[in-house]
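A quick write-up on the structure given underneath.
Residue numbers begin at 1 in each chain, while the letters A, B, ... track the order of the sequences.
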Amino acid sequence: AQSVSQHNHHVILSEAASLELGCNYSYGGTVNLFWYVQYPGQHLQLLLKYFSGDPLVKGIKGFEAEFIKSKFSFNLRKPSVQWSDTAEYFCAVTSYNNNDMRFGAGTRLTVKP
Amino acid sequence: DVKVTQSSRYLVKRTGEKVFLECVQDMDHENMFWYRQDPGLGLRLIYFSYDVKMKEKGDIPEGYSVSREKKERFSLILESASTNQTSMYLCASSLAGLRGDRPQHFGDGTRLSIL
C-alpha cells in the first residue's frame with residue numbers, strides 16, 4: 001500500500017513569513033495527492049488536490065502545492081502566512097483505482113502574530 | 001455542503017465494554033471510512049466500505065469491526081474496549097471514483113477514552 005512521510009512535525013513562523021511543508025509518498029504507480037488542514041477544534045478540510053495535468057495546483061486561502069514526480073514529492077507552499085493559518089496540515093495519497101487514502105503524520109504550524 | 005455527523009463528540013467507557021461509534025452522511029456517498037488520529041501518527045485507516053454490507057480492512061483493523069446496513073450509516077464497533085484504543089476517531093465519506101481522486105469529507109470526530 002502507499003505511504004506518506006511528512007518530515008516537519010512542528011513549524012513555528014512569524015506572520016508574513018513564507019511557508020513550505022514537505023510531503024513525500026511511496027508508491028510506484030499513478031497517484032492522487034491531497035493536502036488537508038485541521039484548525040483547532042474543527043474537522044479536516046480539503047486545501048487542494050492533484051490528480052493530473054499542471055503539477056502546480058492552487059488551493060484555498062492562498063495555498064499551493066507542486067507535484068514533482070521524480071522526487072515523489074508534493075510540498076505545500078504559501079508566500080506569506082497569517083496568524084489564522086495556525087493549524088495542523090496533513091498530506092494524503094490515494095492510488096489510481098483505489099479510494100482508500102493514506103495520511104502522513106501531520107505538521108503542526110504555529111504562526112506567531 | 002456535505003455533512004458527516006458522528007454521534008458523540010466525547011465518550012468515556014470502561015475496559016472490556018463493547019463500544020459503538022456511529023457515523024451518518026447526508027450526501028449519498030458510496031464510500032465511508034473510519035480512522036483513528038493519534039499525536040505524531042496522523043490518521044490511520046481502520047476499516048472502509050465501498051457499498052452497503054461491504055467492508056474492507058484498513059491498516060489497523062485488530063480489535064475493531066464495522067457495520068454498514070444502510071448507505072448513509074457506517075458504525076465502528078470496539079468488541080472489547082482496551083486502554084490502547086483511547087484515541088480520536090474520525091469518520092469520512094466520499095463519492096465513488098474510478099480514478100481514486102474523490103476527496104473525503106470528515107466528521108468532527110469522537111474523542112474516546114477507555115478507563
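With a threshold of 4.5 angstrom between heavy atoms, Gln38(A) approaches chain B through side-chain atoms but not through N, CA, C or O. Leu46(A) touches chain B through its side chain: at least one heavy atom from C-beta onward sits under 4.5 Å away, while N, CA, C and O do not. Using a 4.5 Å cut-off between heavy atoms, Tyr36(A) contacts chain B through its side chain alone, with no backbone atom that close. Both the backbone and the side chain of Phe51(A) come within less than 4.5 Å of a heavy atom in chain B. If you measure heavy-atom distances from Tyr96(A) to chain B, the contacts under 4.5 Å come from both the backbone and the side chain. There is no contact between Glu56(B) and chain A, counting heavy-atom distances below 4.5 Å. Only the backbone of Leu41(B) has a heavy atom closer than 4.5 Å to any heavy atom of chain A. Heavy-atom distances place no part of Arg108(A) under 4.5 Å from chain B, backbone and side chain included. Both the backbone and the side chain of Asp101(B) come within contact range of chain A, with heavy atoms under 4.5 Å apart. There is no contact between Arg111(B) and chain A, counting heavy-atom distances below 4.5 Å.
Closest non-hydrogen pair, Leu43(B) versus Phe90(A), comes out as CD1-CE2, 3.8 Å. Of all non-hydrogen atoms in Gly40(B) and Ala105(A), the two that sit nearest each other are O-CB, 3.4 Å.
Rounding to the nearest 0.5 angstrom, the gap separating the CD atom in Glu30(B) from the CG atom in Asn99(A) is 9.0 Å. Atoms NZ and CD, from Lys49(A) and Gln104(B) in turn, are 11.5 Å apart once rounded to the nearest 0.5 Å.
One hydrophobic cluster, built from ILVMFWY side chains closer than 4.5 Å, holds both Leu21(A) and Leu48(A). Leu76(B) is connected to Met32(B) through a chain of hydrophobic side-chain contacts under 4.5 Å among Ile, Leu, Val, Met, Phe, Trp and Tyr, so both are in one cluster. Residues Val24(B) and Phe74(B) do not share a hydrophobic cluster, clusters being chains of Ile/Leu/Val/Met/Phe/Trp/Tyr side chains in contact below 4.5 Å. Using a 4.5 Å cut-off between side-chain heavy atoms of Ile, Leu, Val, Met, Phe, Trp and Tyr, with links allowed through other members, Val11(A) and Val37(A) fall into the same hydrophobic cluster. Clustering ILVMFWY residues whenever any of their side-chain heavy atoms sit less than 4.5 angstrom apart, transitively, puts Val4(A) in the very cluster that holds Phe74(A).
Between chain A and the residues Asp38(B), Asp59(B), Leu95(B), Leu90(B), the largest count of heavy-atom pairs under 4.5 Å involves Asp59(B). Put simply, of Gly106(A), Ser52(A), Ala92(A), Gly104(A), the one with the most heavy-atom pairs under 4.5 Å next to chain B is Gly104(A). Taking Asp100(A), Leu33(A), Thr94(A) one by one and counting their heavy-atom pairs under 4.5 Å with chain B, the maximum is reached by Asp100(A).
A 6.0 Å sphere centred on CZ of Arg14(B) holds no more than 12 heavy atoms belonging to other residues, nucleotides or ligands. A 6.0 Å sphere centred on CZ of Arg44(B) holds more than 12 heavy atoms belonging to other residues, nucleotides or ligands.
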Let me see the working for Tyr35(B) and Met101(A) under side chain to side chain contact (heavy atoms under 4.5 Å, CB included), right down to the final yes or no. CA-CA 10 Å; Tyr35(B) 298 88; Met101(A) 195 173 281; 3.6 Å; yes
